[in-house]
Every structure is written in structure tokens, then in C-alpha cells.
Amino acid sequence: MAANKKLLILPGDGIGPEVMGQVQLVIDWMDKRRAVTFDVETGLVGGAAIDAEGSPLADATMEKASNADAVLLGAVGGPKWDELPFEQKPERGLLRLRKEMELYANLRPALVFDALVEASTLKPEVVKGLDIMIVRELTGGIYFGEPRGIEDLPDGQRRGINTQVYTTNEIRRVAAVAFELARKRGKRVTSCEKANVMESGVLWRQEVQKLHDESFQDVALSHMYADNAAMQLVRNPKQFDVIVTDNLFGDILSDEAAMLTGSLGMLPSASLGDPDKHGRRQALYEPVHGSAPDIAGQDLANPIASLLSFAMALRYTFDLAEDADLIEQAVQRVLAGGLRTADIMSPGAAKVSTVTMGQAILRQLDQMAA
Ligand code: NAD
């Protein structure tokens, strides 16, 4: 009998509670049918927390998040809270979680399910079977570097300044995440920077190479300029396994890779921090999409991005690759059977609700585990 695994679920706002409801059902299924049990707590974040507790993330919830093995988040935000001052907005809850858990590695897989090959704007042969992972540095680089600001110049012009800055440790810790991930996947890492024109890129390349030579020689490492990587992602994305890059280039490359797959409702993500003494990293798993106020409360949302985020938690926090595979295969089969939520609807498929999609995935899990 496996030990308990502590999960904190923060459904949030809009479609968050609807999609996380489906995740909860899959967790219940796993408790009953697999050799693993979860100790699940729930809490409030975002607008829901503002309404009930007066702030977008209560201190008690923050503490629970820090103590959980993994946090599963739905989405935050909505028109009801748009007028609040910046410091009190729902998004501050999410930013506080990322900051206090020190989640410096953002993982964005781009996975194309066979049944959705046509949803991509690229040719089917280019994206069929695509399965890549972008690891983006999330807490350093030009979005945080000092000096920054806009200043007035004596001649009446203005000057905008941001600073790209990385230290050895910041580079090594995110590269270590990428190498560890590659070990669980195709054992290949491509590190992207602009070492041809940026000193921070030269340092990035040197430190990634050094870490590789010291500790990860079983993983194949290559280096690529970030602009070339942007081209290669649309030319031949299947050449990549894991891409690791800084905050700015990662922001762009991860969105580009995401769109190779065609749909926001299908995209999971993870954000990881430092390992504890047992080697388990602080971890937050969430769909890439937002709270989708336009469809909230109507049983229309696609729960698959959230279910795949839970599968990532199984794979990367709990080392339960078989169970993660099971969920991903159940999704694959339900899609192959022709069921679609409205956002991924295609001619000839059957349009279903959030709950019906969740039920179909559970039925598929039942069949596969029988
Ligand atoms: P969004 O991702 O919420 O929605 C964009 C479009 O995609 C909408 O038309 C929506 O209906 C659709 N969509 C998104 N997820 C879907 C799903 N699972 N199934 C079906 N359709 C889906 O982005 P937005 O409209 O720009 O933002 C809405 C709110 O969400 C804002 O308050 C924004 O600040 C917030 N937001 C939160 C997060 C987060 O919590 N991480 C991320 C992005 C946006």
C-alpha cells in the first residue's frame, strides 16, 4: 500500500471549479482503483478568496501550499474583480504562490493527440506524434533585472531600460530540472540563448555545458540560438525533446510550441522549485488557459488541460509514470472515439459538455484498468 500523497486543490474562479471537479473525480477513481491514495485538501484562491476571505490568497492557504507535495490550480480572475487595484487583484494570489514557493522552472509540454492533428495550423505530417517539453526559467532574467524603468533624457527624449541578468546558480538550477526531465523522456536537451550577441547568453551556454559534463553525461546536450529555435519549431518540431531557455525566450518559444497543438483547452503546465531533503520539488500544476468567464457556469469548458496537468503531477512529483500514462491514454482514446468539447469541435465529431467529457474519460479508465 503506497503512502499518502498530499495534494492541495485550488479551483479558483470561472471555469476553474468546473474543470477541477473533473480532476477530483479522477483522483477519487485512482484512490479506489490504483495502488495509491491521495490526501486532498481544497482552498480558495483569486476572486473566490477575495469574496470569502478578503484577500486573493490567505496566509493559511499559502502555508498549506508550501506543505503540500503538489498544488493543483484551476484558474483565477474575471470581470467581477477587474476594477480592483493591482495589489488586490485575483492574479496576485497566483503570483504569491509562484513567488513564495520559488517556482523557477516552468514546464510547458506541447503534445499533439492523433485525433486533433487537424487542429494545428501546420501540416499533419509535421506535428503528428509531436511530444516536446519547454522548460522556461521563470523568476529571473530581463523581466526582473535591475536597473529598469523609463527615464527622461536632457534632450527631451525618453529612454526605456530593462536588464538581462543571470547568475551561475539561476542557470544551473533550471538546467538541472531540464536534464532530470530528459532522463524521464527522450534523454535529449536543447539549450537556447543568444550567445552570439549577449554575454548573459555566453554564461548560460557555458554553465549548462558545465553542469552537463559534471552530472548529466547520459543526456545528449546541444545548444541552439533562440531565433533559430523559433524557426526550427515550425519547420521540424519533432527534432526536439526537452528545450531549456531563459525567461524572455521561454515566454515566446513556449507560446509558439503550444500553438503547434492547436487548442488552449488541451494545454497543461507545471512550475517547479527547489527539491526538499527527500528530493521532492515544490510544485504547482495548472492548465495554461484562464478562467474563461465567457463560458463559465455553462458546463462547456474543456477539462482536459486540467486532467493532463494532474497527469504531470503524477509523473513529475509522484514518479507514477504508469498512472500518468493511463490518464493520457484515456484522453487519447476518448478523443479518438469522436467526443469533443466545443473548443476542439471538428466536423463529424460529437459535441459534449464538461461533465460528459469527464464521465467518458472515467469510463475509459475503468475499461483500461479492468
Ligand atoms: P482565457 O484563457 O480564460 O480564455 C480565452 C478563450 O479561450 C475564451 O474564449 C475561453 O472561452 C476559451 N477557453 C479557455 N479555456 C478553455 C477551456 N478549458 N475550454 C474551452 N474554452 C476555453 O483567457 P482570457 O479570456 O484572456 O482571460 C479570462 C480571465 O482569466 C481574465 O481574468 C484573466 O486575467 C484570467 N487568466 C488567468 C490565468 C490563470 O489563472 N493562470 C491565465 C490567463 C488568464
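Numbering of ligands and ligand atoms starts at 1, following listing order. Quantities reported herein were computed from a predicted structural model and do not represent experimental measurements.
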Is there at least one pair of N or O atoms, one from Ala301 and one from ligand 1, spaced under 3.5 Å apart? no
Should the pair Asp227-Lys194 be classified as a salt bridge under the 4.0 Å nitrogen-to-oxygen rule? yes
Salt-bridge present (Asp251, Arg136; N to O < 4.0 Å): yes
To the nearest 0.5 angstrom, please state how far the CD1 atom of Ile171 sits from the NZ atom of Lys210. 10.5 Å
Give the atoms of ligand 1, by number and element, whose distance to some non-hydrogen atom of Ala75 is under 4.0 Å. 40 (O)
Counting heavy atoms only, which part of Pro293 comes closer than 4.0 Å to ligand 1: side chain, backbone, both or neither? side chain
Test of proximity, Ala292 against ligand 1: N or O pairs below 3.5 Å: yes
Tell me the contacting part of Asp294 for ligand 1: side chain, backbone, both, or neither, using a 4.0 Å heavy-atom threshold, strictly below. side chain
Honestly curious: do Phe179 and Tyr316 fall in one hydrophobic cluster under the side-chain, below-4.5 Å linking rule? yes
Heavy-atom gap Thr341 to ligand 1 smaller than 4.0 Å: no
Working to the nearest 0.5 angstrom, can you tell me the gap between Thr341 OG1 and Ile344 CD1? 4.0 Å
Of all the atoms in ligand 1, which lie at a distance below 4.0 Å from a heavy atom belonging to Gly77? 32 (O)
Would you say atom 32 (O) of ligand 1 makes contact with the protein, given that contact here means a non-hydrogen protein atom less than 4.0 Å away? yes
I need the atoms of ligand 1 closer than 4.0 Å to a non-hydrogen atom of Glu286, numbered in the order shown. 41 (N)
Cluster overlap Leu72 with Met357, hydrophobic side-chain contacts below 4.5 Å: yes
For ligand 1, indicate whether the residue Val19 contacts it via side chain, backbone, both or neither (heavy-atom separation under 4.0 Å). neither
Heavy-atom count check: over 12 atoms from other residues, nucleotides or ligands less than 6.0 Å from Gln298 CD? yes
For atom 29 (C) of ligand 1, what's the nearest protein heavy atom and its distance? Ser291 OG, 3.2 Å
Would you say ligand 1 has an N or O under 3.5 Å from any N or O of Val76? yes
Electrostatic pair Lys5-Asp69, nearest N-O below 4.0 angstrom: no
To the nearest 0.5 Å, tell me how far Thr356 OG1 sits from Leu339 CG. 8.5 Å
Counting from 1, what ligand 1 atoms have a heavy atom of Ile15 closer than 4.0 Å? 15 (N), 16 (C), 17 (C), 18 (N)
For atom 7 (O) of ligand 1, the protein heavy atom that lies nearest, with its residue and separation: Leu264 CD2, 3.7 Å
Which of the numbered atoms in ligand 1 are under 4.0 angstrom from any heavy atom belonging to Gly78? 32 (O)
Run the numbers for me: atoms of ligand 1, each under 4.0 Å from some heavy atom of Glu91, listed by number. 32 (O), 33 (C), 34 (O)
Specify the protein heavy atom at minimum distance from atom 21 (N) of ligand 1: its residue, its atom name, and the distance to 0.1 Å. Ile295 CD1, 3.6 Å
salt_bridge(Arg96, Asp59) N-O dist < 4.0 Å: yes
Have a look at ligand 1 and work out which part of Asn302, if any, has a heavy atom under 4.0 Å from it: side chain, backbone, both or neither. both
Side chain to side chain, Ile327 and Phe310, heavy atoms closer than 4.5 Å: yes
Salt bridge check, Lys80 against Asp13: does any charged N sit closer than 4.0 Å to a carboxylate O? no
Protein heavy atom under 4.0 Å of atom 15 (N) of ligand 1: yes
Heavy atoms of the protein only: does one fall short of 4.0 Å from atom 24 (P) of ligand 1? no
Report the distance from atom OH of Tyr143 to atom CG of Leu138, rounding to the nearest 0.5 Å. 10.0 Å
Measuring from atom 1 (P) of ligand 1, which candidate in Ala342, Gly290, Ala296 has the nearest non-hydrogen atom? Gly290
